[in-house]
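Please read these numbers as outputs of a predicted model, since none were measured by experiment.
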Amino acid sequence: MKKRTARKLLIFIVLSLFLLTGVLAYAFLAGDKSVSPLGSIFSGGEAASGDGAQGEEETEPTPEPTPDPYAITEFSPTHTDKTKPSGMIEFTNVMVDGKQLSSIKKYKNKGTIDFGVGRDYTDVQGVITFRGNNFRDNPTYGAADMKKFKMKKLWSVPTKSLTLQGQLWSGNGWTGQPLLVRWPASVKKHMNMKKWAKKDDDLVEAIYASLDGNIYFLDIKTGKQTRDTMQTGFVFKGAGALDPRGYPIMYVGSGYDSPGGKSRAFIINLLDCSIMYEYGCADPYSLRGSLSYFDSSSLVDAENDTLIQPGENGILYLIKLNTDYDEAAGKLSIKPGRIVKWRYKGKRSGSTYWLGMEDSAAIYKGYMYIADNGGHLMCLDLNKLKLVWTQDILDDSNSTPVLSVEDGKLYLYISTSFHKGWRSSSSADIPIWKIDAENGEILWKTSYKCQSLEGNSGGVQSTIAVGHGSLDNYIYVTVAKTGGLYNGVITALKKSSGKVKWEQKGPYTWSSPVCVYNSNEGGKDVVVYARSDSKLMMLDGKSGKTRSELDLGSGNVEASPAVFENILVLGTRGCRINGVKFK
């Protein structure tokens, strides 16, 4: 009897140990470290909720989403008593397909123009319009990997000059920014590129419209021609633009009349470099006569297939393109259909305060911001073609407005030129403004005393660089002819107050500065700009200390650079296009 009892007890102990071992093994494999199997089986503890197989798992708390620094939470454009359009603008008109409407109120847009923040303008790899996007805030693609903070000239390609009506146009001038793009193989397959260029999957093509009437196509790594130069005979002062949908289309305007006729704007098929469409030539709708220059870099509303192009003739063009692109077959066509023209007249427009828009438009949602030759900064509702507000910026402005999102609100930075004889024949204050993009009110201004020469203006001829990332607290501005006719300054201003963080003096410049962001861990972000003495300067973005300088050796630099990762491309008035590597 005792032996049977002992045997039963032994069997019970063995079975219990076996069961315990199994439970421990199951818990280990299941990865449940929050519940003790011993506690649940032997302590009389309650089984875990759910299916009862194990104890309740502890879950990691859901992390709070990182705030999007580019999210705009407040945006209801209107005017104040100080920024009513009627205070500066005498009238506006709209023409649709050749017929002027009797009233702006009768205009009905087909589709809604609705641009997002600048970073969402395109998925194309590259810099495809002046200053990169519809905010005009980033003429760079990707980040540079800099360790030594040195600049090395990779290549230099010669360009030409063109003499028209006794005036010499050489190389690349204001604003003259190159376009940089990495085309997919499926698009390159049908292009008139050289065979080696089509085979190079890493190829980034620089497309550069120049003052000599030519459009150049270059490999940014070597400077080799990716295709034959396109000869037009028309002077190109401003930057062109590529289609944000990745379609092989270039939009570019001429800045001067040529032996081939009056200046005009072009839409170019980049599969074969043929001109698909021309417009704006001596447009009779212009209030500025037959002048038909186009220095502004266009934008495209991808959703509505609509080209948006301001002109120095005082007309804004909205052109429904009706684009048909078959990427697989390599076939591209446009059939411009509905053509809308908006024009205006300022109350002081005349022989001095001219009509016309030379800078490039910035757009958010359906609202376009642009300055003009007559000292007007305008906010225009593109869906109603109604002015929302205007601000007096004193002078002929060549500075493109730049949009910036700060603490959920949208702001605008801009400056102006000093056109000799308008306000003064000697010197004048040139303000740099921060403006509320909703209502046009000036929030702060920082001024520099500038001089000017006839045909060679002082002031801010460039476009402001708005810092991001580690440089998010600052804007960077080049001011020409301050401290002397041939002197200038680059200044870093605090976004919050307009106070000077640092400034560096030197020869003047019309070229726009560029913020270059460093991918190297622990590396610093820099500001790069070019001067009239042919020097390319790299400065520490926070301190203004010179990190590097490079002599381009080819005359005055008026054009603005574009950057693709570690490579900068920039043309000069000395008839050279240069490729520069950051190291």
Side-chain angles (χ1 to χ4, degrees), residues 77-109 280 282-296 308-318 339-363 366-401 412 414 416-419 421-423 431 433 435-442:
T78 185
H79 61 75
T80 68
D81 290 341
K82 294 180 180 179
T83 62
K84 286 181 180 179
S86 58
M88 296 193 71
I89 304 300
E90 186 175 331
F91 65 81
T92 62
N93 301 126
V94 176
M95 176 180 281
V96 179
D97 292 334
K99 295 181 179 180
Q100 181 172 303
L101 303 183
S102 59
S103 170
I104 295 288
K105 294 179 180 179
K106 292 189 176 182
Y107 175 72
K108 293 182 180 179
N109 189 33
D283 195 324
Y285 198 56
S286 171
L287 296 172
R288 199 172 170 181
S290 62
L291 181 144
S292 48
Y293 304 158
F294 293 88
D295 292 345
S296 179
I308 301 169
Q309 175 72 64
E312 199 173 348
N313 59 3
I315 299 174
L316 170 69
Y317 295 83
L318 303 177
I339 299 176
V340 177
K341 301 177 186 180
W342 174 86
R343 70 181 185 183
Y344 71 101
K345 187 175 188 301
K347 290 184 176 180
R348 63 186 181 194
S349 297
S351 59
T352 53
Y353 284 83
W354 306 317
L355 287 164
M357 298 161 279
E358 264 186 289
D359 59 329
S360 298
I363 303 176
Y367 297 89
M368 183 184 86
Y369 302 90
I370 194 161
D372 82 335
N373 294 141
H376 308 94
L377 174 63
M378 299 176 282
C379 173
L380 176 69
D381 184 334
L382 290 172
N383 292 298
K384 297 179 181 179
L385 290 185
K386 180 180 179 181
L387 282 171
V388 179
W389 56 258
T390 59
Q391 180 59 260
D392 186 355
I393 53 171
L394 305 178
D395 214 315
D396 174 16
S397 181
N398 295 303
S399 180
T400 288
L412 183 154
I414 195 168
T416 193
S417 308
F418 170 32
H419 192 84
W422 286 19
R423 291 184 291 144
W433 292 284
I435 291 173
D436 189 323
E438 284 191 275
N439 58 33
E441 287 282 3
I442 294 171

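Here the CG-CG distance, from N109 to N383, works out to 5.0 Å after rounding to the nearest 0.5 Å. Taken from OG in S292 to CG in N313, the straight-line distance is 7.0 Å, to the nearest 0.5 Å. Rounding to the nearest 0.5 Å gives a distance of 5.5 Å between CG of L385 and CG of L380. Taken from CE in M357 to OG1 in T400, the straight-line distance is 12.5 Å, to the nearest 0.5 Å. A distance of 6.5 Å separates CG of L394 from OG1 of T416, quoted to the nearest 0.5 Å. Distance OG/S360 to CD/Q309: 8.0 Å, rounded to 0.5 Å.
Between Y369 and I363, the closest side-chain pair of non-hydrogen atoms is not below 4.5 Å. Inter-residue side-chain proximity for D81 and K84 is flagged as met; some heavy-atom pair is nearer than 4.5 Å. By the 4.5 Å heavy-atom criterion applied to side chains, D359 and P401 are counted as neighbours. Residues I370 and D372 are not in side-chain contact: their nearest non-hydrogen atoms beyond the backbone lie 4.5 Å or more apart. The side-chain heavy atoms of P85 and H79, taken from C-beta on, include a pair separated by under 4.5 Å. Within the 4.5 Å cutoff, the side chain of K341 has heavy atoms near those of the Y317 side chain. In this structure, the side chains of L291 and E312 come closer than 4.5 Å at one or more pairs of heavy atoms. In this structure, F91 and I104 have side chains that are not in contact, with every pair of non-hydrogen atoms separated by 4.5 Å or more.
Of the possible donor and acceptor atoms, one in the side chain of K347 sits under 3.5 Å from a partner among the backbone N and O of S86. Judged purely by atom type and a 3.5 angstrom limit, D395 has no side-chain atom pairing as donor or acceptor with the backbone of G375. Listed for the S417 side chain is no donor-acceptor partner under 3.5 Å among the backbone atoms of H419. In this structure, the side chain of D381 does not engage the main chain of Y367 through any donor-acceptor pair within 3.5 Å. Formation of a donor-acceptor pair under 3.5 Å by the R343 side chain with backbone atoms of L316 is not found in this model.
The pair D392-R348 counts as a salt bridge, with a side-chain nitrogen and a carboxylate oxygen less than 4.0 angstrom apart. Note on E90 versus K345: salt bridge recorded, some NZ/NE/NH1/NH2 to OD/OE distance being below 4.0 Å.
In terms of heavy atoms, D436 sits closest to W389 at O-CZ2, 4.1 Å. The heavy-atom pair separating N398 from E358 by the smallest distance is OD1-OE1, 3.2 Å. The two residues L412 and L377 have their closest heavy-atom pair at CD2-CD2, 3.9 Å. M378 and I89 get closest at one heavy-atom pair: SD-CD1, 4.3 Å. For the pair G440 and Q391, the tightest heavy-atom approach, listed with the atom from each and the gap, is O-NE2, 2.7 Å. The two atoms that bring L355 and N373 nearest to each other are O-OD1, 3.4 Å, heavy atoms only.
Taking a 6.0 Å sphere around NZ of K82, one finds it holds 12 or fewer heavy atoms contributed by other residues, nucleotides or ligands.
Note on ring orientation: taking the six-membered ring where Trp is involved, the planes of Y353 and W422 are tilted (angle from 30° to 60°).
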- [ ] Begin with the C-alpha distance, continue with both residues' side-chain angles, and end with the deciding distance and a verdict on side chain to side chain donor-acceptor pair (under 3.5 Å) for T80 and E441.
- [x] CA-CA 8 Å; T80 68; E441 287 282 3; 2.6 Å; yes

- [ ] Take N93 and Y285, measure what side chain to side chain donor-acceptor pair (under 3.5 Å) needs, and give me the verdict at the end.
- [x] CA-CA 10 Å; N93 301 126; Y285 198 56; 4.5 Å; no

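In this structure, the ring pair (Phe, Tyr, Trp, His ring centres under 6.0 Å) partners of W342, at least two apart in sequence or on a different chain, are Y344.
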